[in-house]
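One structure coming up, written as structure tokens, with questions to follow.
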Protein chains: 2
Amino acid sequence: MATTLKPVKQDIKVAVDNVIVTVKDGELFVLLIQMSKSPYKGMWALPGGLVEQKETLENAAGRFLKKQTSVSNVYLEQLYTFSDISRDPAGRVITCAYFALVPPDKYELQTNPKYADAQWWNIKKLPALAYDHEQIVKYGKKRLQWKLEYTNVAWSLLPKEFTMSDLQEVYESILGESLDKRNFRKKIVEQKMIRPTGKKAMRGAHRPAELFTFRSKVAKIIA
Amino acid sequence: MATTLKPVKQDIKVAVDNVIVTVKDGELFVLLIQMSKSPYKGMWALPGGLVEQKETLENAAGRFLKKQTSVSNVYLEQLYTFSDISRDPAGRVITCAYFALVPPDKYELQTNPKYADAQWWNIKKLPALAYDHEQIVKYGKKRLQWKLEYTNVAWSLLPKEFTMSDLQEVYESILGESLDKRNFRKKIVEQKMIRPTGKKAMRGAHRPAELFTFRSKVAKIIA
DNA sequence: CCAAAAGTGTTAACGCTACACCCATGT
DNA sequence: ACATGGGTGTAGCGTTAACACTTTTGG
């Protein structure tokens, strides 16, 4: 690489955008903010913004994540860097997309005065998005599906303790298909990702379900 | 994303670096250039450089690839964007790494006066690399191994016509393990990636081998 | 005729899929 | 007692992995 940094006429701004995902009621949701200024006033977009001079892309993504959801210590992964020349009408901006997985018991949406609104949107029913954000969301969804099959990322979308059905629901909502209960349990048990807590979940007029917890909250390849 | 482009004090340079890979004699090779200026004078590094104001990252990667190898129309994929604050001692530079697969019959190394030298290095015996380039090469190698198993990228590393053994050699050198001849052929034939040309390769004192060619030179997921 | 790589099938183990009934609880 | 979700086993099928000999050429 030849970054001899003689006066170069490069003036490209660097941003990050987060695809923040959670699962509620068996459906996948993405966090979007509503833009309050033109040219995309009123439209929805991924939360993000410019990187600061002295922070890494990952730090920037974490910073914006915290600003919107007040969570930290969640799964955060770089997705892809988008660089179309006219992706931002306001100037030359490239954006590095991250995706974050937020468990349903943890987040609290922040009302940021800078944006008109912030809301979870069902990923199947998204509004029109600003910039190239529709493309980014699609990319993120696909990556999540891959990750789910080959790693233990699912832990990032569940509370500390959960039932086998909760876990299966997460898989089904991400993969978009229903799975066989017995085969699912068998696969999960074989992988040794989770451990029974001994406790039971009493959730209504039926047999209580065993509660599990993840053995390790570190990303691991299980395939 | 809030790129309202009010005067921001962001001054981050954006570069690309290429992990250009080929296979020769059953071994994986990476193209490195030798730096002619301090602070890394004499050390080896990945070919790359700053992105121009009006080009995408992918275009920039293609441009540097062509400069070094005089090839175009080869497989080129974005790897990851590296952004450590002090990864470049000369200033704040983030780099988007790409990897390129070059077939052995196609390239011609360009002698670029800007660099002391450019050479193929066996990936198992790399010299000390400048910047964070060792990390980038490792990352690229891992990605290539994944891609090989789930897609038909191998076409990018072979000449138009090749024998089954040539193909197997590519797989073995990337995966770093030897494969069973019969099972390998069976798998490849089932995947329908290749087609016999009817021709034979006469390469010495042994039975001639059938020559094959790829049906499609477009990246496809085959798993 | 000898050396060298090409080409070819079968079997056993394993993993994946499909599938139906009983259990524990609240009302 | 009934409605609701929780929990369990097995058999068939397809896929993968292991394994050795014959063929065709050049020297």
Side-chain angles (χ1 to χ4, degrees), chain A residues 23-27 145-146 148-152 154 158-159 161-173 175-213 221-223, chain B residues 23-27 145-146 148-152 154 158-159 161-173 175-213 221-223:
Chain A
V23 172
K24 293 193 289 183
D25 309 319
E27 301 274 358
Q145 291 177 338
W146 271 79
L148 195 67
E149 301 204 62
Y150 298 111
T151 73
N152 62 346
L158 286 157
E161 304 191 331
F162 53 89
T163 67
M164 194 61 78
S165 302
D166 294 339
L167 182 59
Q168 185 171 344
E169 196 177 71
V170 166
Y171 273 74
E172 288 178 337
S173 52
L175 299 178
E177 58 185 340
S178 55
L179 304 170
D180 181 89
K181 220 198 316 182
R182 283 172 285 192
N183 295 337
F184 181 78
R185 177 180 288 253
K186 212 183 306 172
K187 201 185 75 182
I188 296 294
V189 169
E190 266 169 17
Q191 288 171 173
K192 295 182 180 161
M193 290 183 351
I194 64 174
R195 176 172 54 77
T197 61
K199 297 187 223 162
K200 303 263 174 191
M202 315 287 269
R203 290 190 193 159
H206 54 83
R207 178 171 172 180
E210 200 171 6
L211 283 168
F212 295 88
T213 191
I221 291 173
I222 49 159
Chain B
V23 172
K24 294 192 288 183
D25 310 318
E27 300 274 358
Q145 291 177 339
W146 272 78
L148 195 66
E149 301 202 62
Y150 298 110
T151 72
N152 62 347
L158 287 158
E161 304 190 329
F162 53 89
T163 67
M164 194 61 78
S165 303
D166 293 339
L167 182 58
Q168 185 171 344
E169 196 177 72
V170 166
Y171 274 74
E172 289 178 337
S173 51
L175 298 178
E177 58 184 341
S178 54
L179 305 170
D180 180 90
K181 219 196 322 179
R182 284 172 285 193
N183 293 337
F184 181 77
R185 177 180 289 254
K186 212 180 306 170
K187 199 185 75 183
I188 297 293
V189 169
E190 266 169 17
Q191 289 172 175
K192 294 182 181 162
M193 291 185 350
I194 64 175
R195 176 170 54 77
T197 61
K199 296 187 225 163
K200 303 263 175 190
M202 316 285 271
R203 289 188 191 161
H206 56 83
R207 178 168 173 178
E210 198 171 9
L211 284 169
F212 295 87
T213 191
I221 290 171
I222 49 162

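Within every chain, numbering begins at 1; the chains are lettered A, B, ... in the order of the sequence lines, protein sequences first and strands thereafter.
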Item to complete: Rounded off to whole Å, could you give me the CZ-to-P distance for the A/Arg182 and D/dG5 pair?
Response: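 Value for this atom pair: 18 Å.
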Worksheet entry | Heavy atoms from other residues, nucleotides or ligands near NZ of B/Lys24 exceed 12 (cutoff 6.0 Å) |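 Above 12, so yes.
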Worksheet item: To the nearest Å, how far apart are A/Lys181 NZ and D/dG9 C1'?
Response: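 These atoms are roughly 13 Å apart.
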Item to complete: Using a cut-off of strictly less than 4.0 Å between a heavy atom of the residue and any atom of DNA chain D, enumerate the qualifying residues of residues 188-205 of chain B by number.
Response: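 Hits under 4.0 Å, by residue number: B/Gly204, B/Ala205.
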Item to complete: May I have the distance from A/Lys186 (atom NZ) to D/dT10 (atom P), rounded to whole angstrom?
Response: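 Whole-Å distance recorded here is 10 Å.
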Fill in: Separation of atom CG in A/Asn183 from atom P in D/dT10, rounded to whole Å
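One finds 14 Å between P of D/dT10 and CG of A/Asn183, rounded.
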Worksheet item: In terms of the angle between their ring planes, are A/Trp146 and B/Tyr150 parallel, tilted or perpendicular, with boundaries placed at 30° and 60°?
Response: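 Perpendicular.
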Worksheet item: Within the side chain of B/Thr151, is there an N or O that forms a donor-acceptor pair under 3.5 Å with the backbone of B/Leu148?
Response: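 Judged by distance alone, no pair lies under 3.5 Å.
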Worksheet item: So what does B/Lys187 hit on the nucleic acid, given a heavy-atom distance under 4.0 Å: a base, only sugar-phosphate, or nothing?
Response: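 Touches nothing.
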Discussion item. Can you tell me if B/Lys199 has over 12 outside heavy atoms packed within less than 6.0 Å of its NZ?
Written reply: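 No, the 6.0 Å shell around NZ holds no more than 12 heavy atoms from other groups.
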Practice prompt. Let me know the distance between CG of A/Asp180 and P of D/dC13, rounded to the nearest Å.
Written response: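 Nearest whole value for this atom pair: 18 Å.
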Worksheet item: OP1 or OP2 of D/dG6 sitting under 4.0 Å from any side-chain N/O of A/Ser165?
Response: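 A/Ser165 to D/dG6 OP1/OP2: side-chain N or O found under 4.0 Å.
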Item to complete: Name the first nucleotide and the last nucleotide along DNA chain C (5' to 3') that come under 4.0 Å of a heavy atom in chain A.
Response: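 Range of nucleotides within reach of chain A: C/dT17 to C/dG26.
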Worksheet item: Rounded to the nearest Å, what distance is computed from the CG atom of residue A/Leu211 to the C1' atom of nucleotide D/dG7?
Response: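 Nearest whole value for this atom pair: 14 Å.
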Worksheet item: Sub-3.5 Å donor-acceptor pair from the side chain of A/Thr213 to the main-chain atoms of A/Thr197, do we have one?
Response: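 No: the side chain of A/Thr213 does not pair with the backbone of A/Thr197.
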